[in-house]
Chemist: 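Please find one structure pasted underneath; my questions will follow.
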Amino acid sequence: MEQARRVISVIVLNEASALSRIVGLFSGRGYNIESLTVAPIPESKYSRITIVTAGSIKVVEQIIKQLHKLIPVLRVYEHEDLVEKEMAMVKIPLSESLGDIEALAHAYNGKIVNVSGDTMIVMVADEPMRVGHFLEAIKRFHPKEIVRSGSVAMER
Amino acid sequence: MQISGAQMVIEALAAEEVEVVFGYPGGAIMNVYDEIYKQSAFQHILTRHEQAAVHAAEGYAKTSGKVGVAMITSGPGFTNAITGIADAYMDSIPLVVISGQVPMSLIGTDAFQEVDAVGISRPCTKHNYLVTHARDLPRILKEAFYLARTGRPGPVHVDIPKDVTAQIATFDYSKEVELETYKPTVKGNMRQIKKAVEAIAHAKRPLLYLGGGVVSSGASDLVRQFSTMTQIPAVETFMARGTLHHSDPLLISMLGMHGSYAANMAMSETDLVIALGARFDDRVTGKLSEFAKNAQIIHVDIDPASVSKLVTAHFPIVGDVKNVLEAMIPLAAQQVDPLRHQPWLNTIANFNKLHPLSYKEEGDRLKPQWVVQRIGELLGDDANISTDVGQHQMWTAQFYPFSRPRQWSSSGGLGTMGYGFPAAIGSKRADMDRVSINITGDGSILMNIQELMTAVEYKLPVINIILNNNFLGMVRQWQTMFYDKRHSETDLSIQPDFVKLAESFGGIGYRVTTKEEFDAALKDAVEKNVVAIIDVVVARFENVLPMVPAGGSLFNMMLEYKEK
Ligand SMILES: Cc1cc2nc3c(=O)[nH]c(=O)nc-3n(C[C@H](O)[C@H](O)[C@H](O)COP(=O)(O)OP(=O)(O)OC[C@H]3O[C@@H](n4cnc5c(N)ncnc54)[C@H](O)[C@@H]3O)c2cc1C
Ligand SMILES: Cc1ncc(C[n+]2csc(CCOP(=O)(O)OP(=O)(O)O)c2C)c(N)n1
Ligand SMILES: [Mg+2]
């Protein structure tokens, strides 16, 4: 069956156990979560969880129903027409060319955000695929550490 | 009212009008047991194993239609209970299971008798709670009962740390349950219902496929009305036995792996399946791609996740069966011509004639099927029936003349050996006026045999009828058929003396080898009204037939088995 990339948003009550219930649904069925981000929704008792996974239509349909069945879950969306962003931070030795790095980061909605001791930190925020491209391109500046955030998504 | 967490548990159970709790005490739940000692709102039944406490609560829930309640301590008490909880989850049985937990300050420290109980129960409960302060208890307990019985019923687990049962807080149980995130759809979509009735009116060979949801919805009477009015025949799942009266001419029988030839052929030939509270289990469908191949499907289920999970429905209707039928019946009365189905009913009658459910009397050993039929003849509607798991279970589902829903309680989804006896105890507690029969196997009965003590102590005279084949028969059958008769670890030739075993607990035992002896034993046990074991020696190598071999198609049944 066709394994397409899927982005699912789950609106869930802020409860200690909520995340484990959701993650458990995936792990219990042997489905991989590619990335997952959680943050509270301002001025509400809910959090928004954005999950990127892969699966056939039938499998994802069933996951969505099962997610919905969880008692603390308010809503589940599978995104089709969406704006999706992800951020990444990269630590680079100060000995590398600042100007080149600045220019590269700029092309991916980013900049240098911190310089201390003998390293700097660059951040970018862009579509996940483009963040991938950026991380590919940054390799030649000998990154010491890379952190990716996972996706957040919003329906257009 | 300012009371302790332990007192809140008692008050909440009283407010829920719980009349019986099945349980087993231990360190972490002792504060609650101390309050149980002082109260008189409900009876506590001390089972002799936590698994049995949960099964007893299941049997009670099945027979009474109410929420069953079980109580256990932390650690091993809880892990012993988990089989029962998983069983209730698979069969959608409404339970509230309350467990003790180590004090909050010790959680996560590998404390004595600590286990991550909510972590373990999460995938096999409808919902679970770890209570972190007594002030939350009234709300949580009220939600637990509400969740257990509404929507698709199921077990809800509440884990209460010991210090929380000692905390004092305000108890107010009057607040209505308010769950923004949980709103089960009860009323079916009227447009879909109208379309479904139109499809029924146009079908030539419609078939009702009745599942356990009809029983939990309390919709059996409506189903009987609907099928009689429209003259649409019905097959029942294992979980739905008793929905239609066994003598109802429109009832074909059980379908599935060990269903009747006629039921499975009807499913293969129908042009419109009307699935009511049934979940297209693999034991029912056989090979999915061949299941009801010629049919459109109407699927009524309260759980959206059940609809189109395995078989895509042409008319999905999310709602309570009862509600949906109430809407369908007046429409169907106008649109569906009952005479239209006569040729279809004739076809089914022919299937029935061709290969009725049957067995051969041969040799001098009793046939297990005869025993089941005979129990039915002697007790019929006067008995509530539970079973364990194996061949005896299938023969009971096939041959017992069920006459009402909730007469029947058996572990379908999880297939838990050891279910039958404690469930029969719970069932007896729910319905003291009827005889409680557990039809069991020589393997299964030993999985909760300690419950003889519970039944004797609380005067819950369950009659255990062992169809004793000296085998783990169901596994032996597969070994005979599919493993070249290599009967690996299934021979139970070495057995206890079941008569003495029953007697040693204060019950009564019978060993039976003939029909006359069986009749005499059953009549005696019913009359004496005490806990009993009737150990019936039956033909050892009898197979459950017909059979759809795993993964096969319903229309390709093995009707008889010839030893190779
Ligand atoms: C050894 C063995 C052999 C077996 N062989 C067979 C066999 O041959 N045939 C057979 O049928 N079974 C067999 N079973 C049982 C089988 O495993 C399943 O348990 C059973 O088929 C499920 O029955 P069901 O579809 O009625 O669903 P249930 O498990 O009873 O589920 C009920 C469904 O109804 C829905 N529901 C609940 N309440 C409502 C409501 N108020 N309104 C609407 N919907 C509701 C639920 O959401 C769920 O989808 C066997 C079991 C064992 C152990
Ligand atoms: C707890 C548990 N363990 C194992 C099984 C697998 N199993 C299914 S039927 C069966 C044999 C049951 O033997 P018995 O109770 O004598 O019944 P019979 O089939 O002989 O009627 C076994 C071992 C099970 N269903 N449950
Ligand atoms: Mg046996």
Side-chain angles (χ1 to χ4, degrees), chain A residues 1-2 4 6 8-33 36 38-51 53 55-78, chain B residues 86 89 92 104 107-108 116-133 136 139-140 143-144 146-148 150-159 177-185 279-280 288 299 301-313 316 318:
Chain A
M1 242 183 258
E2 187 215 356
R6 317 268 168 179
I8 299 169
S9 283
V10 186
I11 312 296
V12 61
L13 280 174
N14 290 324
E15 289 180 349
S17 60
L19 189 59
S20 74
R21 291 180 205 283
I22 287 164
V23 174
L25 265 187
F26 284 81
S27 63
R29 288 169 170 70
Y31 301 144
N32 228 11
I33 292 179
L36 180 149
V38 197
I41 298 173
E43 278 155 54
S44 85
K45 52 187 179 187
Y46 295 100
S47 286
R48 185 188 189 97
I49 302 182
T50 311
I51 300 170
T53 183
S56 68
I57 292 183
K58 195 134 181 103
V59 161
V60 171
E61 215 174 80
Q62 187 52 215
I63 290 194
I64 288 176
K65 284 180 173 180
Q66 295 290 344
L67 284 168
H68 232 297
K69 204 167 146 176
L70 295 173
I71 308 295
V73 168
L74 181 69
R75 256 195 288 284
V76 187
Y77 314 91
E78 195 202 342
Chain B
Y89 185 62
S92 305
M104 287 294 288
I107 288 182
D116 175 6
V118 287
I120 292 173
S121 72
R122 194 196 65 231
C124 51
T125 48
K126 180 167 174 183
H127 196 49
N128 62 11
Y129 297 89
L130 172 64
V131 186
T132 56
H133 196 283
D136 299 331
R139 172 185 59 82
I140 287 176
E143 283 179 11
Y146 177 76
L147 288 171
T150 56
R152 178 176 184 165
V156 179
H157 169 215
V158 182
D159 197 34
V177 171
E178 219 180 291
L179 290 165
E180 235 178 291
T181 56
Y182 173 77
K183 301 239 182 322
T185 310
R279 59 182 175 81
F280 297 80
L288 263 181
H299 191 177
D301 201 295
I302 201 156
D303 179 1
S306 273
V307 177
S308 297
K309 176 170 65 177
L310 295 153
V311 172
T312 306
V318 175

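Just so we're on the same page: letters track the sequence lines, and every chain starts at 1. Source: prediction; values computed, not measured.
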Chemist: Which heavy atom of A/K65 sits nearest a heavy atom of B/V307, and at what distance?
Modeler: NZ-O, 2.6 Å
Chemist: Of the listed residues (A/E15, A/R21, A/K69), which shares the most heavy-atom pairs with chain B below a 4.5 Å separation?
Modeler: A/R21
Chemist: With a 4.5 angstrom heavy-atom cut-off, could you sort out which part of B/L130 is near chain A: side chain, backbone, both or neither?
Modeler: neither
Chemist: If you tally heavy-atom pairs under 4.5 Å against chain A, which of B/K126, B/K183, B/E180 wins?
Modeler: B/E180
Chemist: Would you say B/N128 and B/D159 make side-chain contact, with heavy atoms under 4.5 Å?
Modeler: no
Chemist: Would you mind reporting whether B/R139 and B/D136 have side-chain heavy atoms less than 4.5 Å apart?
Modeler: yes
Chemist: Is chain B contacted by the side chain of A/I71, its backbone, both, or neither, given a heavy-atom distance below 4.5 Å?
Modeler: both
Chemist: Chain A heavy atoms under 4.5 Å from B/D303: which part of the residue, side chain, backbone, both or neither?
Modeler: side chain
Chemist: Does the separation of the ring centres of B/H127 and B/Y182 fall below 6.0 angstrom?
Modeler: no
Chemist: For A/S20, which atoms come within 4.5 Å of any heavy atom of chain B: side chain, backbone, both, or neither?
Modeler: both
Chemist: Return the minimal non-hydrogen interatomic distance between B/V156 and B/A148, and the atom names on each side.
Modeler: CG2-N, 3.7 Å
